[in-house]
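Below: one structure, written as structure tokens.
Owing to the predicted nature of the structure, the values given are computational and were not obtained by experimental measurement.
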Amino acid sequence: MPEVSFEDKRHFFMTLCKVTLFFNQNPQLISLMQDMFTTNHLMAQQVTAEFDRYVEELMSFINSYSSIDILTPSRVRADPDRIYIDGCWDIMHSGHFNAIRQAKMLGKVLVVGVHNDEEIMRNKGMPVMTNQERLSMVRACKWADEVVENAPYSATEEWLDSLNCRYIAHGDDIALNQEGVDAYSQLKTAGRFKIIKRTEGISTTMIVGKLLLMTMENKASVSEPFTATDINHKSNFITTTRRISEFANRTRRPEGKIVYVDGSFDLFHIGHVETLKKAKELGDFLIVGVHDDLTVNQHKGSNYPIMNLYERVLNVLAVKYVDEVVIAAPWNVTEDLLKSLNIQLVVQGSISKLDVEHSIRRKQSLEYNDQEEDPYLLPKALGIYQEVQSESELETQHIIQRIIENRLKVLNKYQKSSKKEQNYYESSKTYVEEL
């Protein structure tokens, strides 16, 4: 085929419109094209990246031939300062929080949609967390201004208009719906899609992979064993000082009654959030101590922590009840810690660090000490210690148990999602500046 050239951009756009009409008359060709752009073909990736830059110009060109002019983004009446982002938000992690944070940077009000269990089952497979647990985690995020339940997996212009949101935000990876089509294709075409940077090295898929490996040590609890080769355990998580700074509350100063609560906050869940909320209600400024990986391992067992220190710190910083975080906080509350931070009250959740079940798991740790002292001995002696009862009974171990009980279904979903993530890192990934 000879080389094709166009007189100008208008000539190119007109040809593109004619080609579109041709394919619209031949539906079977549309399916073939979709297959082309869901493969790892280098040319498909390059064209996709280039085309996204021309979408708005193409819409303007088409509108120039129409008296109706309904496609131009500027004619959409929805508020451009109201941004929408949606997701499953299953096993909430720093990647989720970072996506929400970046989306908030695009406007003044952020609306966060949460897919219900049925919608997730149709498009991705069974979620680990319940609908209410996922909703509660999003509501606790400090960047979420409004939370919408029962959000559709494939958002439409009508859905955005009903929320008075001009744009939807999503990472630079493609989200495929149950038909295998880009869930945001309609909004991309309409010029109402904003790309944000996908947070590398952390995802629900990666966390589930780690939890599936833990089930190998619980073979009595499952019907069919599997091997570690079924799981890709490689992590690409990158921590930068900028990201920690963006998550931190730089404008808040420690004033009034200062409350301190500490923990591992591993596999962050609503039980943690409820404890933080109760702790904040007891004072004016809440400082949260997050123990380092070695300390967590020594006290909780050989499989812990599931998330590394910086992942756990980012999760805690994303919660609206938290004012400050002590990174790698000591296991025992010391006099130096109390004086340095001017702490007036030390709080612990309803699950004690010296709980019998935790002690049993600690025997699997690298360094086990059966004669461990009470880490809150000093604040108790000073009369500044208080326990709070969480409204949620959920614990990290309960989430792991869900994975064990639904292991084969979860493994099947994991393998599909893991392949998609691998394709992103190996073929589709391009540079997108983090907001």
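Geometrically, K194 engages Y167 in a cation-pi contact, judged by NZ or CZ lying under 6.0 Å from the ring centre and within 45° of the ring axis.
Of the possible polar contacts, none joining the D90 side chain to the P127 backbone as a donor-acceptor pair under 3.5 Å is found. E311 places a side-chain N or O within 3.5 Å of a backbone atom of N308 that can act as its donor or acceptor partner. Remark: side-chain polar atoms of R312 are paired, donor with acceptor, to backbone N or O of S264 under 3.5 angstrom. Side-chain atoms of N297 come within 3.5 Å of backbone atoms of Y304 as a donor-acceptor pair (strictly under, hydrogens ignored). At least one donor-acceptor pair closer than 3.5 Å links the side chain of E119 to the backbone N or O of Y153.
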Quick one: do M129 and L394 satisfy side-chain contact (heavy atoms from CB on, under 4.5 Å)? Show the steps, please.
CA-CA 10 Å; M129 312 305 289; L394 184 67; 3.7 Å; yes
Apply the test side-chain contact (heavy atoms from CB on, under 4.5 Å) to residues D182 and K188: give CA-CA distance (whole Å), side-chain angles for both, the deciding distance (0.1 Å), then the verdict.
CA-CA 10 Å; D182 184 349; K188 287 179 179 179; 2.6 Å; yes
Evaluate R192 against I168 for side-chain contact (heavy atoms from CB on, under 4.5 Å), listing each step before the verdict.
CA-CA 6 Å; R192 299 180 68 174; I168 187 171; 5.7 Å; no
Could you go step by step and tell me if F268 and V273 meet the side-chain contact (heavy atoms from CB on, under 4.5 Å) rule?
CA-CA 8 Å; F268 205 50; V273 171; 4.0 Å; yes
Could you walk me through whether E324 and N249 pass side-chain hydrogen bond (donor to acceptor under 3.5 Å, both in side chains), step by step?
CA-CA 7 Å; E324 180 64 288; N249 300 309; over 6 Å; no
List the steps and the verdict of salt bridge (Lys or Arg N to Asp or Glu O under 4.0 Å) for K300 and D266.
CA-CA 11 Å; K300 291 203 170 184; D266 196 18; over 6 Å; no
Full working for salt bridge (Lys or Arg N to Asp or Glu O under 4.0 Å) between K280 and D323
CA-CA 9 Å; K280 179 60 180 284; D323 297 297; 3.2 Å; yes
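Contacts of H96 classified as ring pair (Phe, Tyr, Trp, His ring centres under 6.0 Å), with partners at least two apart in sequence or in another chain: W89, H93. With sequence neighbours excluded, the residues satisfying side chain to side chain contact (heavy atoms under 4.5 Å, CB included) with S136 are Q132, I270.
For E158, the CD atom sits in a packed shell: over 12 heavy atoms of surrounding residues, nucleotides or ligands are nearer than 6.0 Å. Other residues, nucleotides and ligands contribute more than 12 heavy atoms inside 6.0 Å of the CZ atom of R242.
The existence of a salt bridge linking E146 and R82 is confirmed by a sub-4.0 Å separation between a basic side-chain nitrogen and an acidic carboxylate oxygen. A salt bridge links R402 with E133: the closest approach of a Lys/Arg side-chain nitrogen to an acidic carboxylate oxygen falls below 4.0 angstrom. A salt bridge is defined here as a Lys NZ or Arg NE, NH1 or NH2 lying under 4.0 Å from an Asp or Glu carboxylate O, and D284 with K257 fails to meet this definition. Checked for salt-bridge contact, E118 and R122 miss the test: no charged N lies under 4.0 Å from a carboxylate O. Under a 4.0 Å N-O distance rule, the pair K197/D172 does not qualify as a salt bridge.
Inspection of the E149 and N116 side chains reveals no N or O donor paired with an N or O acceptor under 3.5 Å.
The heavy-atom pair separating G289 from F265 by the smallest distance is O-CE1, 3.6 Å. Taking both residues in full, the closest heavy atoms of A78 and D161 are given as CB-OD1, 4.0 Å, listed atom of the first, atom of the second, then distance.
Within the 4.5 Å cutoff, side-chain heavy atoms of L276 are placed close to those of V322.
Shown are V290, V316, L309, L317; of these, the side chain to side chain contact (heavy atoms under 4.5 Å, CB included) with I327 is made only by L309. Screening L282, V259, V346, V261 for a side chain to side chain contact (heavy atoms under 4.5 Å, CB included) with Q386, the sole residue that qualifies is L282.
Applying the side-chain hydrogen bond (donor to acceptor under 3.5 Å, both in side chains) definition to pairs two or more places apart or across chains, those involving residues 100-114 are N98-R101, R101-E434, K104-D145.
Below 30°, between 30° and 60°, or above 60°: for Y184 and F193 the angle between ring planes is between 30° and 60°, a tilted geometry. Between W331 and H291, the angle of the ring planes lies from 30° to 60°, which puts this pair in the tilted group.
Atom OH of residue Y310 and atom OG1 of residue T240 lie 11.5 Å apart, to the nearest 0.5 angstrom. Rounding to the nearest 0.5 Å gives a distance of 9.0 Å between OH of Y260 and CG of L338. Separating the NE2 atom in H398 from the OG1 atom in T396 is a distance of 9.5 Å, to the nearest 0.5 Å.
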